[in-house]
Amino acid sequence: MQRMHRAGIVLERLAQRYPRPASALQWQSPWELLVATVLSAQCTDQRVNAVTPGFFHRWPDPESLAQAEQEEVEQAIRSTGFFRNKSKNLLATAQRIVKEHEGQVPDTMSQLLALPGVARKTANIVLSNAFGHNEGIAVDTHVKRLANRLGLTDAKDPNHIEQDLMPLFPQNQWGALNHYLVLFGREVCKARSPLCSQCPLYDICPRYGVPS
DNA sequence: ATCCCGAGGG
DNA sequence: CCCTCTGGAT
């Protein structure tokens with residue numbers, strides 16, 4: 001089966017499984033989505049959701065966070081792990097947004113990548129979900145794993161995987177696509193003991209029924 | 001012990 | 001390509 005055809009089925013079936021890809025859009029602003037995405041690194045969304053209400057009440061926009069002390073940011077996000085890196089980067093990002101983008105989260109790839117702590121995965125999430133720009137596909141550990149299992153790519157480097165995936169999917173609604181892929185990887189095509197018996201893609205998966 | 005919706009640096 | 005950063009859940 002050709003990869004293009006396989007990708008079409010992936011999109012169609014996952015759209016059925018996740019009919020309302022709104023949870024990535026639960027955030028009120030690009031700023032909230034950016035912060036939540038940064039916090040989600042190596043951390044479950046449950047723990048992210050535990051700290052975001054307090055965070056956004058205290059620092060609702062880049063202007064307010066830009067004036068914070070790193071110490072208080074660390075305390076606020078401690079439970080999400082990597083808190084020193086995350087707080088330093090978020091603080092510097094907020095200050096840069098105030099200084100160079102008039103307090104608004106930028107909406108271009110190059111401007112997002114220039115923010116400390118923001119690489120392609122985070123930039124793609126923000127571009128596709130906050131701004132509706134279909135510039136790239138967000139490749140995290142989940143997407144990396146499932147794309148390989150489904151035979152959509154043989155690459156291991158996330159940037160190569162993204163280049164392999166982009167031509168396979170119609171270049172629209174990538175916000176929803178990014179959401180589907182991450183959810184599916186987390187909930188079904190799990191790293192250990194994947195739920196193949198419940199998988200909507202088992203019949204097109206080269207790995208279905210193949211031991212280990 | 002091991003893993004989790006990454007990014008930066010060597 | 002490798003390593004490090006982190007707490008919390010299991």
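Residue numbers begin at 1 in each chain, while the letters A, B, ... track the order of the sequences. Below, all heavy atoms of this structure are taken into account, side chains as well, without hydrogens, waters or symmetry copies.
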Quiz item: In residues 104-119 of chain A, which ones come under 4.0 Å of DNA chain B, going by heavy atoms?
Solution: A/Pro116, A/Gly117, A/Val118, A/Ala119
Quiz prompt | Contacting residues from residues 141-148 of chain A, given that a heavy atom lies under 4.0 angstrom of DNA chain B | solution = A/Thr141, A/His142
Quick one: does [X]'s side chain get under 4.5 Å of [Y]'s, heavy atoms only?
X: A/Leu152; Y: A/Asp164; result: no
X: A/Met109; Y: A/Asn124; result: yes
X: A/Trp27; Y: A/Asn129; result: no

Practice problem: State, without any angle test, whether A/Glu32 and A/Ser29 hold a side-chain donor-acceptor pair at a distance under 3.5 Å. | Solution: no
Practice problem: With DNA chain B as reference, determine whether A/Val139 or A/Arg192 sits nearer its 5' end, using the nearest nucleotide of each. | Solution: A/Arg192
Self-check item: ILVMFWY network linking A/Val48 to A/Leu90, side-chain heavy atoms under 4.5 angstrom
Solution: yes
Quiz prompt | Residues A/Gln67, A/Glu63; criterion side chain to side chain donor-acceptor pair (under 3.5 Å); working and verdict | solution = CA-CA 7 Å; A/Gln67 303 172 48; A/Glu63 287 91 340; over 6 Å; no
Nearest-Å distance, [atom1] ([X]) to [atom2] ([N])?
X: A/Asn85; N: C/dT6; atom1: CG; atom2: C1'; result: 9 Å
X: A/Asn159; N: B/dG8; atom1: CG; atom2: P; result: 12 Å
X: A/Arg120; N: B/dG6; atom1: CZ; atom2: P; result: 17 Å
X: A/Arg84; N: B/dG8; atom1: CZ; atom2: C1'; result: 16 Å
X: A/Gln75; N: C/dT6; atom1: CD; atom2: P; result: 13 Å
X: A/Asp157; N: C/dC2; atom1: CG; atom2: P; result: 12 Å
X: A/Glu74; N: C/dC5; atom1: CD; atom2: C1'; result: 12 Å
X: A/Asn129; N: B/dC5; atom1: CG; atom2: C1'; result: 12 Å

Exercise. Go through the steps to decide whether A/Gln16 and A/Tyr180 satisfy the test side chain to side chain donor-acceptor pair (under 3.5 Å), and finish with yes or no.
Key: CA-CA 10 Å; A/Gln16 275 190 296; A/Tyr180 298 155; over 6 Å; no
Practice problem: Compare the minimum distances between each of B/dC5, B/dC3, C/dT6 and the side chain of A/Phe82, then state the nucleotide with the smallest one. | Solution: C/dT6
Quiz item: Of the candidate nucleotides B/dC3, B/dA7, B/dC5, which contains the atom at the shortest distance from the side chain of A/Thr122?
Solution: B/dA7
Self-check item: Separation between the P atoms of B/dC5 and C/dC3, rounded to whole Å
Solution: 22 Å
Quiz prompt | P atoms of B/dA7 and C/dG8, separation to the nearest Å | solution = 22 Å
Quiz item: How are the rings of A/Phe131 and A/His133 set to each other: parallel, tilted or perpendicular (split at 30° and 60°)?
Solution: tilted
Quiz item: Does OP1 or OP2 of C/dT6 have a side-chain N or O of A/Gln42 closer than 4.0 Å?
Solution: no
Practice problem: Give a yes/no answer on whether the side chain of A/Thr37 brings an N or O atom under 4.0 Å of OP1 or OP2 in B/dC5. | Solution: no
Can you give each donor-acceptor pair under 3.5 Å made by side-chain atoms of residues 192-203 of chain A, sequence neighbours left out, with the distance rounded to 0.1 Å?
residue: A/Asp203; atom: OD1; partner: A/Arg13; partner atom: NH1; Å: 2.8
residue: A/Asp203; atom: OD2; partner: A/Arg13; partner atom: NH2; Å: 3.2

Quiz item: Which pairs, with at least one residue in residues 134-143 of chain A and sequence neighbours excluded, count as a side chain to side chain donor-acceptor pair (under 3.5 Å)?
Solution: A/His142-A/Arg145
Output a table of nitrogen or oxygen pairs between the protein and nucleotides 8-10 of chain C separated by less than 3.5 Å.
none

Quiz item: Which pair of non-hydrogen atoms, one from A/Ala36 and one from A/Thr52, has the smallest distance, and what is that distance?
Solution: CB-CG2, 4.5 Å
Practice problem: Under 4.0 Å between any heavy atoms, over every strand shown, what does A/Ala191 touch: base, sugar-phosphate, or nothing? Just pick one. | Solution: sugar-phosphate
Donor-acceptor pairs are to be reported for all side-chain atoms of residues 94-102 of chain A against protein atoms at under 3.5 Å, with residues two or more places apart or in another chain.
residue: A/Gln95; atom: NE2; partner: A/Ala66; partner atom: O; Å: 3.2
residue: A/Arg96; atom: NE; partner: A/Glu100; partner atom: OE1; Å: 3.3

